[in-house]
Structures are given as structure tokens and as C-alpha cells.
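Notes follow the structure.
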Amino acid sequence: MGLLTFSLNLTLDGCVDHQEGIADDETHAFFTQLMDEGGAMLWGRVTYEMMESYWPAVARGDVEVPAALREWAVKLEAKPKYVVSSTRKDFPWNNSYHLTGDLRRAVSRLKDATPAGVLLGSGKLATALDRLDLIDEYQFLVHPESPATARPCTRAAFPAHDGSNWCRRSRCAAARSPCTTGARAEG
């Protein structure tokens, strides 16, 4: 059985807006390595749609980007992508699959079928899976800066004091070396 690893960018103050933080070559190399180590991706509908709206065009070469982003996009294109959604049924992006039925059973079956592990990248879905005690590792890339914008951003949604496993998880990934930008991966 593969591990389910929740991985996400966030700022020091807990902002998980995908437009915040440091989106440089080191950041993309970090997430490319995580993706390389795993056997599949797992997202909620909103994250899937955000990713689907940009990365296939990068993988095709329709968008000019640095090499690290192109490498990420090409590898993501080939990686199996599983989506949990109660409202959308059609997932046309290459190698995309809809997880249906009972969430606990569907994700447990996915973990069983993916010995290399599954990389989870959706906050709302992670909250539900945390409550079901299905997340095995947490891997956060913490950026040292708070958002400079005045617009509100999403805060980490994990409940800290209601019995969540997030605060007492016994199996966590080891912290990795800090990037030169000051971002640090914590597990």
C-alpha cells in the first residue's frame, strides 16, 4: 500500500492561495521531485480545474515558460490524476480519473493500488481525508513571506483542537533543506 502525502505551498502566516509565495525554479524542482516519487496525484474538483486550465498548454509548448515549469508540466501530463467531485463527471485531461462512491473506500483502494504513493494537493479535500485518518504524511513548503496583497487569501483549514490527526500525526516526512529563497519544506 502506498502512502497518501498531502503537499502544499503556504506562507508563514498560513495563506494557501496558489498565487502567493515564491514560484521559482527551486520551488518547482521541489514539487517535481515529490511528484516523481509518487505514483499518482489526487485533487478535488476546484484544484483539478485550476491545474487543467493551465498545465496542459505548458506541456504542449503553447506557453513560454522556464525549463523547470516545462519539466513539471510534461511530467504532470503523464502522471495519473484522480479527482474527487460530486458535481463534475467529465475529466478529459490526459490520464484523469474520477473517484466515485464512498470517499474512505475510494481513497483506500487508490492507496492500495498505488505502491509508489499518492500526492494530495487540495486543501478542502485534505481536510476531509484528515478527518477520515487517511493522510499518512504532510509535506508543506513554507514560504517566509506573508502576502503583500490586500486581498484575502485562504487559510489552512485544518482544525487544530477538535481531534484532528494533523496535530498528532506520528508518521511525518523529514524536513528538507531550506531553499536559497528562504522557503523550507516541512513534514
Side-chain angles (χ1 to χ4, degrees), residues 1-10 16 18 21 27-56 58-59 68-69 71-142 154 156-159 164-176 185-187:
M1 175 170 76
L3 298 178
L4 179 61
T5 301
F6 175 44
S7 182
L8 196 68
N9 279 305
L10 71 148
V16 295
H18 74 279
T27 300
H28 286 284
F30 170 77
F31 283 106
T32 299
Q33 180 182 347
L34 278 178
M35 184 171 55
D36 285 347
E37 294 168 358
M41 308 297 287
L42 176 60
W43 297 323
R45 179 193 53 82
V46 172
T47 301
Y48 174 86
E49 289 174 349
M50 177 185 65
M51 302 295 270
E52 175 190 41
S53 72
Y54 182 68
W55 293 110
V58 173
L69 272 72
E71 178 185 8
W72 161 264
V74 169
K75 290 182 177 188
L76 183 59
E77 188 72 16
K79 188 67 72 174
K81 295 166 282 292
Y82 293 88
V83 187
V84 173
S85 176
S86 61
T87 58
R88 183 173 171 178
K89 307 297 182 216
D90 179 39
F91 300 92
W93 185 11
N94 190 42
N95 295 318
S96 295
Y97 308 95
H98 187 202
L99 280 186
T100 60
D102 178 75
L103 184 60
R104 180 187 303 275
R105 275 187 246 134
V107 172
S108 293
R109 280 194 303 266
L110 177 60
K111 289 170 61 173
D112 287 343
T114 315
V118 179
L119 189 60
L120 169 64
S122 296
K124 187 176 177 182
L125 179 57
T127 299
L129 295 175
D130 177 74
R131 289 185 176 132
L132 294 172
D133 196 26
L134 289 173
I135 299 176
D136 300 299
E137 291 184 338
Y138 295 85
Q139 196 56 253
F140 300 129
L141 187 61
V142 181
T154 304
F158 292 103
S164 167
N165 293 312
W166 187 61
C167 296
R168 57 183 157 81
R169 179 71 58 200
S170 61
R171 188 183 341 174
C172 293
R176 302 191 188 208
E186 298 290 337

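A donor-acceptor pair under 3.5 Å is absent between the side-chain atoms of Lys124 and the main chain of Val46, judged by distance alone. Between the Ser122 side chain and the Gly44 main chain, a donor and an acceptor come within less than 3.5 Å of each other. The closest donor-acceptor contact from the side chain of Lys89 to the backbone of Ser86 lies under 3.5 Å.
To the nearest 0.5 Å, the span separating CG on Leu119 from CD on Gln139 amounts to 9.0 Å. In this structure, the separation between NZ on Lys81 and OG1 on Thr47 is 14.0 Å, given to the nearest 0.5 Å. Note: Leu34 CG to Ser7 OG = 4.5 Å, rounded to the nearest 0.5 Å. Rounding to the nearest 0.5 Å gives a distance of 10.5 Å between CG of Asn95 and NZ of Lys79. A distance of 10.5 Å separates CG of Asp130 from CG of Leu4, quoted to the nearest 0.5 Å.
The side chain to side chain contact (heavy atoms under 4.5 Å, CB included) with Val84 is formed by just one residue from the set Leu120, Leu103, Leu129; it is Leu103.
For Asp36, the side-chain hydrogen bond (donor to acceptor under 3.5 Å, both in side chains) test picks out Lys75, with sequence neighbours left out. Taking Thr87 as the reference, Arg45, Ser85 meet the side chain to side chain contact (heavy atoms under 4.5 Å, CB included) condition, with sequence neighbours excluded. For Pro92, the side chain to side chain contact (heavy atoms under 4.5 Å, CB included) partners at least two apart in sequence or on another chain are Tyr48, Glu52, Arg88, Asp90. Residues that satisfy the side-chain hydrogen bond (donor to acceptor under 3.5 Å, both in side chains) test with Glu77, not counting sequence neighbours, are Trp93.
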Note to self: Go through it in stages, so that I can follow the logic: the residues are Thr5 and Glu137, the test is side chain to side chain donor-acceptor pair (under 3.5 Å), and I'd like the CA-CA distance, side-chain angles, deciding distance and then a yes or no.
What the structure shows: CA-CA 5 Å; Thr5 301; Glu137 291 184 338; 2.9 Å; yes

Check: Is there a side-chain contact (heavy atoms from CB on, under 4.5 Å) between Met41 and Val118 once you walk through the steps?
Finding: CA-CA 6 Å; Met41 308 297 287; Val118 179; over 6 Å; no

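Within the structure, ring pair (Phe, Tyr, Trp, His ring centres under 6.0 Å) contacts touching residues 95-132 (residues at least two apart or in different chains) are Tyr82-Tyr97, Phe91-His98. Every pair passing side-chain hydrogen bond (donor to acceptor under 3.5 Å, both in side chains) that includes a residue from residues 101-117 is listed here, sequence neighbours excluded: Lys111-Asp136.
Two residues are said to be in side-chain contact when any heavy atoms from C-beta on lie closer than 4.5 Å; Leu69 and Trp55 meet this criterion. The shortest side-chain heavy-atom distance between Val74 and Val58 does not fall under the 4.5 Å cut-off. Two residues are said to be in side-chain contact when any heavy atoms from C-beta on lie closer than 4.5 Å; Phe6 and Leu125 fail this criterion.
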